[in-house]
S.K.: 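Questions regarding the structure given below will be posed in turn.
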Amino acid sequence: MPTDLAPLLHAVQDWRTYVILVLAFGFFPGFVLRLFLLLYPKDDDRRSELVAELYAVPRRNRWWFVAEQMETALFEGLSERRRRGPATSANETPEQPDISAPGADAGPEMGPITSRTFRPGTGIALQKTLEWVEKKIEMKIDHAAPQVQVPTPESPPSHTSQQPPGLSQLVRSKSRPANE
Amino acid sequence: MGRYRTENLVRIAIALMADQMGQHWGYDIIQRSGLRSGVVYPNLRKLLEEGWLADGWEDPESTNGRPPRRYYSVTDLGRRKLGALIDEARTNPRFAAAFGLGAA
């Protein structure tokens, strides 16, 4: 017999192991079951279902029911977790500030955006945020358009009558050399 | 669901179709089908996703302090499909053991 297995077998035969098992499965089955159920995704109905089922199982069979749930949680819970993907779903969009609200600010405390402002990999998020802000500005211009007076040929063209360039265009134009 | 026609599914189908209109609990299905919960619950999930079963929760006021249980009921589609599955399995010697143990 390999020497590595000997302590393991000895531990299984030890009376303290049985005491722990009896305590865990016999007296705290709900606690042990809830530990197993952590393998399921957080919002999975199976978590509540199996806890409720435990109290419908006759007391003498509960330890066996709990032991069985380890298999269920390992196979079903983990596969469900893998199927659903990471905890933060791709469909969830971060809450955006409502800059269209009167008096709202885009965040002056942010400071100037430099290459050190964002961690690597946040380029896409920045791009998406810029697109979102552009869209909001366009929507605001569309709403305000009927109220804007059309400039007469005599008067100089108003700044508000022209559609301002998008933020990304502004960023691009700033980066261009002055002689362009 | 065609590729999942296993003896386990036939046993669960028999347990469910024993009371087609009633409400079924996970532990009761385990008892009546004679299967392990590690087999029954994943199958119940598949049946729910296929629309063969519908689920719901007990009214918390009628549970006397214990947590409300989740119940399963067979849908019209499920009655047709599970009935067909049982009929098909009845003629298949591969599933003879399921009928010997779980028939209502």
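Order of the sequence lines sets the chain letters (A, B, ...), proteins ahead of strands, with each chain counted from 1.
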S.K.: Assigning hydrophobic clusters by single linkage (Ile, Leu, Val, Met, Phe, Trp, Tyr; side-chain heavy-atom cutoff under 4.5 Å), is A/Ile20 placed with A/Leu35?
M.R.: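 Result: no, two separate clusters.
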S.K.: Counting only heavy atoms not in A/Met70, do more than 12 sit closer than 6.0 Å to its CE atom?
M.R.: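 Atom CE in A/Met70 is not packed in, count stays at 12 or less.
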S.K.: Where does A/Ser79 contact chain B at under 4.5 Å (heavy atoms): side chain, backbone, both or neither?
M.R.: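 No part of it gets close to chain B.
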S.K.: Identify which part of B/Pro68 has an atom lying under 4.5 Å from any heavy atom of chain A, answering side chain, backbone, both or neither.
M.R.: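 It is the backbone, since no side chain atom gets that close.
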S.K.: Say you draw a straight line from CG of B/Leu48 to CG of A/Asp45; how long is it, rounded to the nearest 0.5 Å?
M.R.: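 It comes to 9.5 Å.
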S.K.: May I ask you to test the A/Trp64-B/Ser37 pair for a side-chain heavy-atom distance under 4.5 Å?
M.R.: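 Counting from C-beta outward, A/Trp64 and B/Ser37 never come under 4.5 Å.
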S.K.: Can you name the nearest heavy-atom pair linking B/Arg69 to A/Ala56, along with the distance?
M.R.: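 Closest heavy-atom pair between B/Arg69 and A/Ala56: CZ-CB, 3.3 Å.
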S.K.: So, are A/Asp44 and B/Arg45 salt-bridged, with charged N and O less than 4.0 Å apart?
M.R.: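 Yes, charged N to carboxylate O under 4.0 Å.
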S.K.: Is the closest basic N to carboxylate O distance between B/Lys46 and A/Glu80 below 4.0 Å?
M.R.: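 No, this pair does not count.
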S.K.: Between B/Met17 and B/Val40, is there a shared hydrophobic cluster once you connect ILVMFWY residues whose side-chain heavy atoms come closer than 4.5 Å?
M.R.: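 Shared cluster, yes.
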S.K.: So do the side chains of A/Tyr55 and B/Pro67 get within less than 4.5 Å of each other, counting heavy atoms only?
M.R.: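 Of all side-chain heavy-atom pairs linking B/Pro67 with A/Tyr55, at least one is under 4.5 Å.
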S.K.: Is there a path of hydrophobic side-chain contacts, each under 4.5 Å between heavy atoms of I/L/V/M/F/W/Y residues, joining A/Leu33 to B/Trp25?
M.R.: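 No.
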S.K.: Before you tell me yes or no, could you show the steps for B/Arg70 and A/Glu53 under side chain to side chain contact (heavy atoms under 4.5 Å, CB included), namely the whole-Å CA-CA distance, both residues' side-chain angles and the distance that decides it to 0.1 Å?
M.R.: CA-CA 8 Å; B/Arg70 187 186 191 182; A/Glu53 286 296 317; 5.7 Å; no
S.K.: Quick check on the interface: out of A/Leu50, A/Thr72, A/Leu74, who has the most heavy-atom pairs with chain B under 4.5 Å?
M.R.: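 Most heavy-atom pairs under 4.5 Å with chain B: A/Thr72.
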S.K.: Check this for me: B/Glu61, atom CD, are more than 12 non-hydrogen atoms of other residues, nucleotides or ligands nearer than 6.0 Å?
M.R.: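 Open.
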S.K.: Could you grab the distance from atom CZ of A/Arg46 to atom CG of B/Leu44, nearest 0.5 Å is fine?
M.R.: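 Going from CZ on A/Arg46 over to CG on B/Leu44, the span is 6.0 Å.
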S.K.: Side chains of B/Tyr27 and A/Leu54: closer than 4.5 Å at any heavy-atom pair?
M.R.: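 No - every pair of side-chain heavy atoms lies 4.5 Å or more apart.
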S.K.: If hydrophobic clusters are built from ILVMFWY residues whose side chains come within less than 4.5 Å, do B/Tyr71 and B/Ile30 share one?
M.R.: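 No, it is not one cluster - the side chains of B/Tyr71 and B/Ile30 are not joined through contacts under 4.5 Å.
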S.K.: What pair of heavy atoms forms the shortest contact from B/Tyr41 to A/Glu76, and how long is it?
M.R.: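 Scanning both residues, the minimum pair turns out to be O-OE2, 3.4 Å.
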S.K.: Following the transitive rule for hydrophobic clusters with a side-chain heavy-atom cut-off under 4.5 Å over Ile, Leu, Val, Met, Phe, Trp and Tyr, establish whether B/Met21 and B/Leu16 coincide in one cluster.
M.R.: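 Hydrophobic grouping puts B/Met21 apart from B/Leu16.
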